[in-house]
Trainee: 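Once you've had a glance at the structure underneath, I'll fire off some questions.
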Amino acid sequence: MVGKESIGSKIFDVFNILLMLLLCVVMLYPFLHVIAVSLSSSEPILRGDITIFPKGFNVGGYKYIFQDPFLYSGYAHSIIYALGSTLFMLTFTSLMAYPLTLPDFMAKKFLSIFLVITMFFSGGLIPSYLLARSLHLLDTYWIMIIPGCVSAFNVFLFRSFYQSIPADLRESAVIDGANDIQILTKIYLPLSKPLLATFALFGIVGSWNGWFEALVYLQDENKYPLQLILRKYLFSLSFDSGTGTEVMQAMLAQMNVNAKNIQMAIVVIAMFPIMVIYPFLQKYFVKGVMIGAVKG
Amino acid sequence: MVTSHKFFKRFWKQRYLFLMVLPGFLVVLVFSYFPMYGIQIAFKKYSAVRGMWGSEWVGFKYFILFFQDPMAMRVLKNTILLGIYSLLWGFPAPIILALLFNELRFPKFKKAVQTISYLPHFISTVIIVGILRTFTEREGLFNKIAGWFGVDPIVFLSEPEWFRTIFISSNIWQGIGFGTILYLAALSSVDPTLYDVASIDGANRWQKVRNINWPHIKPTTIILLILSLSGILGTDFQKILMLYNPDTYEVADVIGTYLYREGIMGSRFEYTTAIGLFQSLVAFILLIGANMLSRKVSDTSIW
């Protein structure tokens, strides 16, 4: 097949490889640029001279950011929300999916319909907000952790994964006198490790990157996740329009940093955990998308 | 008497199972069903004191208000146009990229390019917007590139005519790589001997793509198209919320952002609940419609 290729085909190969290299540049450039700006000194940034290498090495932006207590509280809260919501999601979803795999479970049909309906209808933003308000859940950790933790889609995915576990295993455990909770924790969950890992990553990344729920449900800045702290920096420190207060500008000038330094430094800090786990993410997410596709 | 006794006995036997579904059941009941019940305020004059149930009915008042509001018409128009343009540009992009990936001959290179192209998918919207704001500034990258071609600097985010381009192209940048996964999965099911047979028959590469690869990804394409069609009103308003400003409201303000401004910021709860209900009804009808259409045209259906 390789031996007698047409010239057109070879030209296409070259063109395709060049296109892919261009794609890589387009995908990576913004990230490298952000890192470079965060490490550069003011003058080249103002001239717009930075590409992907820092100019006039300067860590003032990071120094400034690390002085802000909101950075630490934002980081801590993002971790709390990410781990909390993921833990509840995995626990509640695995618990709920298990009985739905048993043919003689009395509420099986009712619960399936109960869940399917939520896939097509939802109350929407405003009724959800009013509910949270009337339950006094605004400005609490719970509102960031509980509401999204059980989704019909996830329960059905877990159920179909459990269904691929041979029923003999369960039957012999029943004969040995195990109850259902023991069967779930001792047999089903250990066999579902890849599924649990995939969804743990899904949950953590989703929560880490989310910001809108926090914007709607949290007013107390002390409970903000990192993304909202980042948003505050991106919006309130604008070099272009000079909206920062004069005191702030003076202080920044003294530290030889400008708004861009600081903004890009906090972007780098917010991206850091995702970049570190990216190799795992990539692998498990591809798997996760496939699980979803087979089911959906 | 006997049957209820039996029923109770069976229930008691399954008590652990009921215990297991209870937490999930309660979460869905409270956070999915209570808000659905709350939709009734779209037809009521909501009073926090009298509660949801005690508030007075006003019929379709807020729906009529919505359709008479010129602002609302602008929002509807923007939502539909942005949805259509996003679909038109954004939907074919990952298909084309997947077909190009599939033509790469060096497995390691292919894997590396794929891995790099997935990266933006995992980055938060706040960060993406931060990068976009940097690139679109007067001294930013986009103006630098425009300068090479002798174009005067543009403050992109203040120009209504640039908003859609920036919004949609950045969405494509973020999603194109990850969007190839399902198509590549479909392509990996192609039997390699088909290519050999086609070569013997003298088919060139384009013919192989058209007659072997395309039929393999067609069902996936149709299902994803149905889903995108039904989501046409569901523009990523969270991103717009950080990307737009009063200068660009005329093209950028969509249902989601309008709901946030009027509802959460402006406390017009009944009016915005009515708009939200209208939006989800349209989305539901679109889903059913797209699915029916696809069933007729291609025998592919999502249920």
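Letters go in sequence order (proteins before strands), and every chain restarts at 1.
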Trainee: Are B/Phe237 and A/Phe212 near enough that their ring centres are under 6.0 Å apart?
Mentor: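 Between A/Phe212 and B/Phe237, which both carry aromatic rings, the centre distance is below 6.0 Å.
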
Trainee: Which region of A/Leu137, side chain (C-beta onward) or backbone (N, CA, C, O), has a non-hydrogen atom less than 4.5 Å from a non-hydrogen atom of chain B, or is it both or neither?
Mentor: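 When you check distances to chain B, only side chain atoms of A/Leu137 fall under 4.5 Å.
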
Trainee: Heavy-atom distance under 4.5 Å to chain B: side chain of A/Val155, backbone, both or neither?
Mentor: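 For A/Val155, there is no contact with chain B at all, as no heavy atom is under 4.5 Å.
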
Trainee: So for A/Tyr217, is it side chain, backbone, both, or neither that comes closer than 4.5 Å to the heavy atoms of chain B?
Mentor: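 Neither part.
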
Trainee: In terms of heavy-atom proximity below 4.5 Å to chain B, should A/Ile17 be classed as side chain, backbone, both, or neither?
Mentor: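 For A/Ile17, heavy atoms of backbone and side chain both lie under 4.5 Å from chain B.
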
Trainee: Can B/Arg133 be said to sit on top of A/Phe235's aromatic six-ring, NZ or CZ under 6.0 Å from centre and within 45° of the ring axis?
Mentor: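 Geometry flag: set, cation within 6.0 Å and 45°.
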
Trainee: Do any N or O atoms from the side chain of A/Asp13 and from the backbone of B/Leu104 form a donor-acceptor pair under 3.5 angstrom?
Mentor: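 Here the side-chain-to-backbone pair does not exist.
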
Trainee: In terms of side-chain heavy atoms, does B/Gln238 have a donor or acceptor partner in B/Thr125 at a distance below 3.5 Å?
Mentor: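 No.
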
Trainee: Quick one: do B/Glu137 and A/Lys260 make a salt bridge, cutoff under 4.0 Å?
Mentor: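 Salt bridge between B/Glu137 and A/Lys260, a charged N being under 4.0 Å from a carboxylate O: yes.
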
Trainee: Under 4.5 Å from any heavy atom of chain B, what part of A/Ile266 do you find: side chain, backbone, both or neither?
Mentor: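 Interface part for A/Ile266: neither.
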
Trainee: Given the side-chain rings of B/Phe101 and B/Tyr183, with only the six-membered ring counted for Trp, is the space between their centroids under 6.0 Å?
Mentor: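 Centroid separation for B/Phe101 and B/Tyr183: 6.0 Å or greater.
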
Trainee: Name the region of A/Leu102, side chain, backbone, both or neither, that has any atom closer than 4.5 Å to a heavy atom of chain B.
Mentor: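 Looking at A/Leu102, just its side chain touches chain B.
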
Trainee: Select one option (side chain, backbone, both, neither) describing which atoms of A/Ser9 are under 4.5 Å from chain B's heavy atoms.
Mentor: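 Both parts, backbone and side chain.
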
Trainee: Just give me the residue among A/Val34, A/Val205, A/Ile146 that pairs up with chain B most often, heavy atom to heavy atom, under 4.5 Å.
Mentor: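 The option with the most such pairs is A/Ile146.
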
Trainee: Go through the atoms of A/Phe121 and report whether side chain, backbone, both or neither lie under 4.5 Å from a heavy atom of chain B.
Mentor: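 Both parts, backbone and side chain.
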
Trainee: Can you classify the ring geometry of B/Phe8 versus B/Trp12 as parallel (below 30°), tilted (30 to 60°) or perpendicular (above 60°)?
Mentor: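 Ring orientation of B/Phe8 relative to B/Trp12: parallel.
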
